[in-house]
Student: 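There's a structure below that I have some questions on.
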Amino acid sequence: METIKEILMQAENAAILGHIRPDGDCVGSCLGLKNYLAATAPQLKVQVYLEEFPEAFRFLKGADEVSHEPEDGNVYDLCIVLDASDRERLGAFDGYFAHAGRTVCIDHHITNTGFAQTTHVCPERSATSEVLFTLMEEDAIDEAAAECLYMGIVHDTGVFKHSNTSGETMRIAGRLMEKGIPFSRIIDSTFYEKTYRQNQLLGRALMESVLFMNGFCIFSAFRQKTMEFYQADPKDFDGIIDQLRVTKGVECAIFLYETASSEYKVSMRSNKIVDVSKIAAYFGGGGHVRAAGCTMAGSVYDVLNNLSRHIEAQLLEAGVL
């Protein structure tokens, strides 16, 4: 696997791209790489392109320099894609990928399609931020880059409690902490702290949640009219699926929100048995064994019925139904 230094050879400028609706690992890995390059390759012109991301992430160095809209005419020697499992997830920034002299994808999603010229995918790693750490020269990682990478790992491991957390994950997190980062503040301000609106939405999602399949599954859904009432957007739903997952007795949790008429963004989490990445991939999405998502058409009940068949098959195969 190439190191970051080897990836940069012969490049004079580079674009860094993440995926649509960027989460903590996406933002953390993109800004972590940007700050690392600023310290180790200051002659390289680097621009990060991401959709708007949560205000809580804006304390990271370089966040105010991110471009949130495509800019005409910019062509790069190198395009590095982080945390995106397929090309469609580049959204409006795909043009930078299409016209770059060389494309590299660094990721940890087992569903990665290998769409770049060079792909570094490590499904055993908890987060793309963790993969990036292994490709960097540790001594050259400064506090600014360490903050970003640590935040990325925190978000994709659910503060080190998801099953993707390994001993190596904890060791890397410890080495990042030794860079002097305010690790407690990063966790509280970007993971646990919620706005009043987010708390309202979480409360409503829990009150309206429904157990099904003998209590092995739980779901909650928001339709567009509910989202309009709260003036909510997708970032306001952070944490809902994870709270549904820890309902006692539940193996698989599903959260849906309507993105267009009869179109739903689906988030799935599981605890021990169900491989939700297989289900998401079947419906054109992707993710991890215990955390995955996709977009599906139909009513809420159409979506649930289609997902349920796949969940039920895995539970039957495991002998728990």
Side-chain angles (χ1 to χ4, degrees), residues 23-25 110 126-127 153-167 169-170 184 187-188 190-223 226-227 230 232 234-258 264-280 282-283 285 287-294 296 300-321:
D23 57 11
D25 186 30
I110 196 169
S126 69
I153 293 171
V154 161
H155 278 255
D156 258 24
T157 60
V159 192
F160 309 108
K161 72 178 186 294
H162 293 339
S163 61
N164 61 347
T165 306
S166 66
T169 303
M170 301 301 289
S184 294
I187 292 172
D188 283 343
T190 72
F191 193 87
Y192 288 121
E193 188 177 86
K194 303 295 180 187
T195 64
Y196 179 64
R197 178 187 294 148
Q198 286 175 313
N199 281 334
Q200 287 185 305
L201 291 165
L202 173 61
R204 180 156 181 169
L206 296 177
M207 285 187 63
E208 296 182 355
S209 64
V210 176
L211 285 170
F212 65 105
M213 211 175 294
N214 295 337
F216 280 105
C217 296
I218 190 170
F219 88 89
S220 192
F222 283 149
R223 294 173 176 84
T226 303
M227 296 168 63
Y230 288 101
K235 67 176 181 291
D236 292 321
F237 304 142
D238 288 350
I240 291 177
I241 185 64
D242 294 302
Q243 190 60 48
L244 291 170
R245 181 188 65 82
V246 296
T247 305
K248 188 174 182 179
V250 162
E251 163 57 25
C252 188
I254 302 168
F255 175 64
L256 318 173
Y257 67 85
E258 197 171 17
Y264 287 86
K265 176 71 173 66
V266 179
S267 294
M268 293 180 285
R269 299 290 187 272
S270 64
N271 284 313
K272 296 179 180 178
I273 300 167
V274 176
D275 182 345
V276 291
S277 70
K278 289 184 178 179
I279 299 171
Y282 182 87
F283 292 105
H288 312 289
V289 172
R290 300 285 173 249
C294 57
M296 298 176 66
V300 168
Y301 302 104
D302 292 334
V303 171
L304 286 173
N305 285 337
N306 285 323
L307 294 172
S308 295
R309 286 197 290 270
H310 293 264
I311 296 169
E312 184 180 39
Q314 291 194 35
L315 292 175
L316 286 170
E317 185 178 357
V320 297
L321 276 183

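Along the sequence shown, residues carry numbers from 1.
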Student: Does Y230 have any ring pair (Phe, Tyr, Trp, His ring centres under 6.0 Å) partners at least two apart in sequence or in another chain, and if so, which?
Tutor: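 By the ring pair (Phe, Tyr, Trp, His ring centres under 6.0 Å) rule, Y230 matches no residue at all.
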Student: Applying side-chain hydrogen bond (donor to acceptor under 3.5 Å, both in side chains), name anything that partners N164, two or more places apart in sequence or on another chain.
Tutor: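 side-chain hydrogen bond (donor to acceptor under 3.5 Å, both in side chains) list for N164, sorted by chain: empty.
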Student: According to side-chain hydrogen bond (donor to acceptor under 3.5 Å, both in side chains), who are the partners of S277, at least two apart in sequence or on a separate chain?
Tutor: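 So S277 forms a side-chain hydrogen bond (donor to acceptor under 3.5 Å, both in side chains) with D275.
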Student: Counting neighbours of NZ on K272 that are heavy atoms of other residues, nucleotides or ligands and sit closer than 6.0 Å, is the number greater than 12?
Tutor: no
Student: Heavy atoms, side chains only, cut-off 4.5 Å: are D156 and S126 in contact?
Tutor: no
Student: Looking at residues at least two apart in the chain, or sitting in another chain, which of them share a salt bridge (charged side-chain N to carboxylate O under 4.0 Å, His left out) with R223?
Tutor: none
Student: Taking side chain as C-beta onward, heavy atoms only, is I254 less than 4.5 Å from F212?
Tutor: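 Touching, per the 4.5 Å side-chain cut-off.
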Student: I'd like to check the side-chain hydrogen bond (donor to acceptor under 3.5 Å, both in side chains) partners of T169; sequence neighbours left out, ordered by chain and number.
Tutor: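 Checked T169 against side-chain hydrogen bond (donor to acceptor under 3.5 Å, both in side chains); matches are E130, S166.
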Student: Run the ring pair (Phe, Tyr, Trp, His ring centres under 6.0 Å) test against Y257 and tell me which residues pass, sequence neighbours left out.
Tutor: F237
Student: Please find the pair of heavy atoms, one from S209 and one from L206, that lie closest to each other, and give the distance.
Tutor: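 Here S209 and L206 meet closest at OG-O, 2.7 Å.
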Student: Considering residues at least two apart in sequence or located in another chain, which fulfil the salt bridge (charged side-chain N to carboxylate O under 4.0 Å, His left out) criterion with D23?
Tutor: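 Expected list: none.
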Student: Looking at residues at least two apart in the chain, or sitting in another chain, which of them share a side-chain hydrogen bond (donor to acceptor under 3.5 Å, both in side chains) with K265?
Tutor: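 Result, side-chain hydrogen bond (donor to acceptor under 3.5 Å, both in side chains) vs K265: none returned.
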Student: Report yes if the side chains of K194 and L202 come closer than 4.5 Å at any heavy-atom pair, otherwise no.
Tutor: no
Student: Can you name the salt bridge (charged side-chain N to carboxylate O under 4.0 Å, His left out) partners of E312, sequence neighbours left out?
Tutor: none
Student: Side chains of H155 and F191, heavy atoms from C-beta outward: is any pair under 4.5 Å?
Tutor: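 Contact flag for H155/F191 side chains = yes.
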Student: Spell out, as yes or no, whether a donor-acceptor pair under 3.5 Å connects the side chain of Q198 to the backbone of K235.
Tutor: yes
Student: Could you tell me which residues satisfy ring pair (Phe, Tyr, Trp, His ring centres under 6.0 Å) with H310, sequence neighbours excluded, listed by chain and number?
Tutor: Y282, F283
Student: List the atom pairs, with distances to 0.1 Å, where a side-chain N or O of residues 240-248 and a protein N or O form a donor-acceptor pair under 3.5 Å, not counting sequence neighbours.
Tutor:
{"unit_1": "R245", "atom_1": "NH1", "unit_2": "N271", "atom_2": "OD1", "d": "2.6"}
{"unit_1": "T247", "atom_1": "OG1", "unit_2": "L244", "atom_2": "O", "d": "2.8"}

Student: Name all residues meeting the side chain to side chain contact (heavy atoms under 4.5 Å, CB included) criterion together with I273; count only those two or more places apart in sequence or in a different chain, and write none if there are none.
Tutor: E251, L315, A318, V320
